[in-house]
Amino acid sequence: MSLRKALLSRKFSKSFRELKFRDDDQARGGDRRVARGDSAELDRVADCADSSSSSSWSTMLPELLGEIIQRVENSEDKWPNRQNVVACACVCKRWRDITKQIVRSPSYSGKITFPSCLKQPGPCDFPHQCLIKRNKKTSTFYLYLAFTPYKGKFLLAARRYRRGSHTEYIISLDADDISQGSNAYVGKLSSDFLGTNFTIYDSQPPHTGAKPASSRSTRRFASKQISPQVPAGNFEVGQVSYKFNLLKSRGPRRMVCPLNCPASGETAIGKPLEKSEMKKPESTSSGYTVLRNKAPRWHDQLQCWCLNFHGRVTVASVKNFQLVATVDPSQPGGKGDEETVLQFGKVGDDTFTMDYRQPLSAFQAFAICLTSFGTKLACE
């Protein structure tokens with residue numbers, strides 16, 4: 001009888017270990033999908049966790065649960081420790097709903113937490129400091145949120161493709177899957193034949209009622225529609241134009257960027273907007289902004305054009321630029337001065353810095369910086 005009990009106990013412990021290992025593998029797979037930024041997979045992982053988790057986690061008092069997540073949010077303000085906030089959102093669907101209520105948008109908190117933050121405006125008071133690393137062999141570019149001058153957390157990746165008479169940059173959340181058919185696809189950048197005019201396309205509509213671009217080249221898929229949840233087209237959210245240099249005079253590039261900047265989704269005091277306000281047309285829910293490059297000054301001693309990058313750029317290059325937006329004097333706090341909202345510059349052979357702030361999102365700032373790569377004979 002004791003032998004039977006021992007065998008049963010051993011069989012039970014073996015099946016328990018196999019179940020535990022299988023659950024751990026599923027959890028690790030869910031973490032990898034979350035790292036790629038697939039929101040649909042995150043929802044599915046949360047639903048699975050909700051159904052399989054014990055009642056002590058799923059039925060926790062909302063006041064206690066909110067206090068726990070709020071303390072994690074306040075203590076883990078920087079990556080890589082900020083992954084604990086994302087982990088709270090992966091426990092179950094109820095935890096994720098409360099986490100999304102507590103985590104504020106980057107325009108007010110200055111923190112990048114979820115993949116959706118990459119399409120929300122950057123901080124207002126200080127810029128997000130990022131790195132762009134280039135791989136010339138594969139024509140691939142990687143965007144990181146900088147921890148140190150040469151290390152950071154991966155945010156986005158882009159790859160350059162030649163499409164007949166024009167060039168495209170496909171932008172993705174997954175560095176290993178950069179294509180328009182991927183679930184990690186977030187948008188693209190398309191240029192003309194001369195490489196002087198670029199159009200930024202978003203994979204998701206920028207506002208309610210937005211219509212995708214009608215040209216065939218802007219479609220994500222060959223068919224018109226494969227799923228009601230997946231738009232077949234892309235949505236134009238901005239343009240970047242380099243002015244011609246007809247006299248071929250030596251000097252920096254001149255840029256003009258008309259953009260539809262995203263709305264923050266929060267009011268001035270940080271509360272979420274009402275549904276009626278979120279469904280307003282583009283002209284009211286998101287701002288139309290025109291950015292221009294800041295004019296450099298000629299340095300007589302160095303015999304070159306100079307801009308003050310505040311130590312963030314160390315290598316002279318025609319690719320370096322600063323974009324400014326003129327502040328309206330009639331607005332509260334506006335003095336009519338120019339505010340630098342994006343600066344991009346070279347610090348190594350294939351390493352560049354990118355600093356952006358409100359009203360630009362990380363996605364828009366990355367797309368604008370991608371336009372600086374490549375030779376522009378008509379502008380130099």
Side-chain angles (χ1 to χ4, degrees), residues 73 77-79 82 100 103-132 143-146 152-153 155-156 171 186-187 200 202 204 206-207 237-240 255-273 277-278 280 282-294 307-310 312 321-345 353-371:
E73 159 71 11
D77 60 338
K78 295 181 180 180
W79 290 91
R82 192 148 182 80
K100 290 169 65 176
V103 175
R104 304 170 71 190
S105 67
S107 58
Y108 293 96
S109 66
K111 304 173 184 177
I112 293 179
T113 309
F114 301 111
S116 59
C117 296
L118 301 178
K119 291 189 177 181
Q120 295 176 354
C124 179
D125 299 329
F126 57 90
H128 267 316
Q129 295 184 346
C130 303
L131 294 172
I132 296 179
L143 176 66
Y144 299 87
L145 181 64
K153 171 182 169 50
L155 298 178
L156 292 169
I171 305 175
V186 295
I200 303 173
D202 195 335
Q204 299 295 329
H207 60 88
V237 294
Q239 296 179 350
V240 181
M255 303 169 58
V256 178
C257 307
L259 302 167
N260 291 324
C261 295
S264 64
E266 293 184 347
T267 62
I269 58 176
K271 294 182 178 180
L273 294 174
E277 296 178 357
M278 293 297 291
K280 287 183 179 181
E282 177 185 1
S283 59
T284 57
S285 62
S286 59
Y288 179 81
T289 305
V290 178
L291 306 179
R292 302 178 185 273
N293 67 299
K294 188 174 183 179
L307 280 172
N308 184 10
F309 288 95
H310 304 283
R312 290 283 293 160
F321 67 83
Q322 289 181 333
L323 292 184
V324 297
T326 303
V327 179
D328 188 354
S330 62
Q331 297 296 327
K335 300 179 181 180
D337 298 331
E338 292 181 336
E339 290 187 349
T340 301
V341 298
L342 173 63
Q343 74 173 22
F344 171 80
T353 58
M354 185 194 85
D355 301 343
Y356 77 97
R357 54 179 291 184
Q358 198 177 107
L360 291 178
S361 65
F363 165 69
Q364 286 181 324
F366 186 41
I368 294 173
C369 292
L370 290 175
T371 66

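The structure presented is a predicted model; accordingly, all values stated were derived computationally and were not measured. Both backbone and side-chain heavy atoms feed into the values below; hydrogens, waters and symmetry mates do not. Along the sequence shown, the residues carry numbers beginning at 1.
No hydrogens or angles considered: nothing links the side chains of Q129 and D355 as a donor-acceptor pair under 3.5 Å.
Distance alone, capped at 3.5 Å, places no donor-acceptor pair between the T340 side chain and the V324 backbone. Side chain of K119 to backbone of V186: a donor-acceptor contact under 3.5 angstrom is found. Side-chain N or O atoms of Q364 include one that pairs as donor or acceptor with a backbone N or O of N260 at under 3.5 Å. Using a distance-only test at 3.5 Å, with no hydrogens or angles considered, a donor-acceptor pair links the side chain of Q322 to the main chain of N308. Judged by distance alone, the side chain of W79 and the main-chain N or O of L145 form no donor-acceptor pair under 3.5 Å. Put simply, the side chain of R357 gets close to the backbone of C124: a donor and an acceptor are under 3.5 Å apart.
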Trace of the side-chain contact (heavy atoms from CB on, under 4.5 Å) decision for I112 with L118: CA-CA 7 Å; I112 293 179; L118 301 178; 4.1 Å; yes
Could you walk me through whether E73 and K111 satisfy the side-chain contact (heavy atoms from CB on, under 4.5 Å) test, starting with their C-alpha distance in whole Å, then the side-chain angles of each, then the deciding distance to 0.1 Å, before giving a yes or no? CA-CA 10 Å; E73 159 71 11; K111 304 173 184 177; 3.5 Å; yes
Carefully, step by step, assess C257 and N293 under the rule side-chain contact (heavy atoms from CB on, under 4.5 Å). CA-CA 9 Å; C257 307; N293 67 299; over 6 Å; no
After noting the C-alpha distance and the side-chain angles of Y144 and C130, does the key distance pass the side-chain contact (heavy atoms from CB on, under 4.5 Å) rule? CA-CA 5 Å; Y144 299 87; C130 303; over 6 Å; no
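Minimum interatomic distance between A365 and Y356 (heavy atoms only, all atoms of both residues): CB-CB, 3.7 Å. Taking each heavy atom of F344 and F309 in turn, the nearest pair found is O-CE2, 3.8 Å.
Looking only at side-chain heavy atoms (C-beta outward), P121 and P359 stay at 4.5 Å or farther from each other. Side-chain contact check for V290 versus V256: some heavy-atom pair is nearer than 4.5 Å. For the pair Q343/L323, no side-chain contact is recorded, criterion being any heavy-atom separation below 4.5 Å from C-beta on. Counting only heavy atoms from C-beta outward, the side chains of C369 and F321 approach each other to under 4.5 Å. At a threshold of 4.5 Å between non-hydrogen side-chain atoms, the residues I200 and F363 count as touching. The closest side-chain heavy-atom distance from L370 to I171 is below 4.5 Å. L131 is not listed as a side-chain neighbour of L143, based on a closest heavy-atom distance of 4.5 Å or more.
Put simply, CG on L360 and OG1 on T289 are 8.0 Å apart, with the number rounded to the nearest 0.5 Å. Once rounded to the nearest 0.5 Å, the distance linking CG of L291 with CE of M255 reads 9.0 Å. For the atom pair OG1 (T113) and CZ (R104), the distance works out to 12.0 Å, reported to the nearest 0.5 Å.
Atom CZ of R292 sits in a sparse spot, with 12 or fewer heavy atoms from other residues, nucleotides or ligands closer than 6.0 Å.
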